[in-house]
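These notes concern the structure reproduced below.
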Amino acid sequence: MILVSPLARLGHWALGLLAGIGRFSTFTLDAISHGIRPPFHGREIALAFLQIGWLSLPVVGLTALFTGGALALQIYAGGNRFGAEAVVPQIVAIGMVRELGPVLVGLMIAARVTSSIAAEIATMKVTEQIDALVTLSTDPMKYLVLPRVLAGLLCVPALVAVGDIIGVMGGWLVATERLGFVSAPYLRNTINFLEPLDIVSSLTKGAVFGFLATLMGCWFGLNSGRGAMGVGRATKGAVVAAAVAILAANLILTEAFFSA
Amino acid sequence: MIELRGLTKSFGANTVLNGIDLDVKRGESLVVIGGSGTGKSVLLKCILGLIDPDSGTIRIDSQDVTRIPRQALLSRFGMLFQGGALFDSLPVWQNVAFRQLKGRMPRAIAKAHAIETLARVGLPARTADLYPAELSGGMQKRAALARAIAAQPEVIFFDEPTAGLDPIMAGVINDLIREAVTDLGATAITITHDMTTVRTVADRITLLHGGLLRWVGAVADLDQSGDAYVDQFIHGRSQGPITALR
Ligand SMILES: Nc1ncnc2c1ncn2[C@@H]1O[C@H](COP(=O)(O)OP(=O)(O)O)[C@@H](O)[C@H]1O
Ligand SMILES: [Mg+2]
């Protein structure tokens, strides 16, 4: 018994994990399949775009602005040690567009959007609103999940683009105001240095992160336990899962795009 | 029209339904009574397919529910949930008209219809544009009732329709449920603890206890049921076969 029981527990745990992965995969495929099957709930989709895309602009802009500025300061200080402080515009551009733009926007979306999706859907679950929806012949996948995931998939790349631009401008602002760079050559260096692949990778990451962030919110919300504690757990689980998934996906995508 | 055979449902070690057999005829009003936590709500949710039973069959119009497309089936049903379950992201009228709006009814017509339905449950027209969170508990319950009956479903389930209402409003709701059955020919299952509701609404009554329907009978036989459980329940005695932990 003493030997068997930890093994049994491990087996039990592994089976549970596999079943969970299976259910999550089915859920993901189901969500995608609803994207190509009418009817669509136009109002819900429009609202999701407003909530997830438009209203995330301020937080995305501020995050990118401050990070771009700090990045310029650090690169200048670090580059200084090798007499390479002139590379600030290039490194800010590549750092922002390839990595920090998408990752920081993704994480801010996990904080702002995943949490609110999970809490809202979990509360609906706990207060029988999901049951009511089904009883009124409306599929929660179509009414709740699809609009949010679609908005994540399409809005977050746009947010990343905005974040990239504002981040670069944050670096430019600090470089020209504090570090003695001249505005026009700084911008010319930035633009000349960036390649199409940098931008494609940035937007692709945005789409993947937006998909993951919204999907996690919906999944944890719909699988919420009962009561206020269930809602709290669902929200926490969704944000943690979204953040970890975004960071892991980032490594995979960086590898796919940039490892020669 | 609704036939249940050998329905069982457990949550972990907690066996809630333990072999339920029940027939509800078309146009009949059945009332389910029973202590709280005995599985009355779970029973209704099994019939609607919101909870999968562990075993047993559910047939509607002699067809196994697992063989009928769910959306088509549910479009014939209306349900008042115990907690109301109004969508709090939508104003009251859009809750009431939810099915009609999804069915592409023009918004102005749907709204007018919703306001009419709200009036039937005693809610003034000004509540139509409020959000559910702005209503009192009893008003939410009535708005939810309006949503359940708005599309004139063939089958309506009411889960504790009068809980939390004042006696006068409870009377209005009882009459409304009776009307839905008598005038519109709906089939109704009502869960209640309210003996006035039982006597106004029921054609037949059943008592759920210990996972089983202990007694099924006509409302006229309620007082001479000869069943100790039923007697204890309708008279609200603390002593009897149903143990009340203290
Ligand atoms: N989703 C669920 N998960 C676990 N237990 C549940 C669930 N729904 C109901 N139960 C349990 O089933 C029992 C019956 O619940 P319910 O049908 O709501 O009682 P009532 O007769 O008061 O309506 C309760 O013990 C409740 O804890
Ligand atoms: Mg109940």
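Residue numbers start from 1 in every chain, and the chains themselves are labelled A, B, ... in the order their sequence lines are given, proteins ahead of strands. Just the heavy atoms: all of them, side chains too, but no hydrogens, waters or symmetry mates, feed the values below.
Within the 4.5 angstrom heavy-atom criterion, only backbone atoms of B/Leu86 (N, CA, C, O) approach chain A. Of the two parts of A/Ile130, neither the backbone nor the side chain holds a non-hydrogen atom closer than 4.5 Å to a non-hydrogen atom of chain B. Contacts between B/Arg76 and chain A at a heavy-atom distance below 4.5 Å are absent for every atom of the residue. For a residue to count as touching a neighbouring chain, one of its non-hydrogen atoms must lie under 4.5 Å from one of that chain's; by this rule A/Thr127 touches chain B with the backbone only.
Counting heavy-atom neighbours within 6.0 Å of B/Arg204 CZ, excluding the residue itself, gives a total above 12. For B/Met105, the CE atom sits in a packed shell: over 12 heavy atoms of surrounding residues, nucleotides or ligands are nearer than 6.0 Å. Counting heavy-atom neighbours within 6.0 Å of B/Arg178 CZ, excluding the residue itself, gives a total above 12.
The two atoms that bring B/Lys102 and A/Thr138 nearest to each other are CG-OG1, 4.1 Å, heavy atoms only. The two residues A/Glu128 and B/Gly83 come nearest to each other via the heavy atoms OE1-N, 3.5 Å. The minimum heavy-atom distance between B/Ser75 and A/Ser137, with the atom names listed, is N-OG, 3.4 Å.
In terms of heavy-atom pairs under 4.5 angstrom with chain A, the leader among B/Met79, B/Arg99, B/Gln82, B/Arg70 is B/Arg99.
Taking 4.5 Å as the heavy-atom cut-off, the residues of residues 40-50 of chain B that approach chain A are B/Lys45, B/Leu48, B/Leu50, ordered by number.
Between B/Gln71 atom CD and A/Leu136 atom CG the span is 11.0 Å, to the nearest 0.5 Å. Rounding to the nearest 0.5 Å gives a distance of 10.5 Å between CZ of B/Phe81 and CD of A/Gln129. Rounding to the nearest 0.5 Å gives a distance of 8.5 Å between CZ of A/Arg43 and CG of B/Leu101.
Using bins of under 30°, 30° to 60° and over 60° for the plane-to-plane angle, the ring pair A/Tyr143/B/Phe87 lands in the tilted bin.
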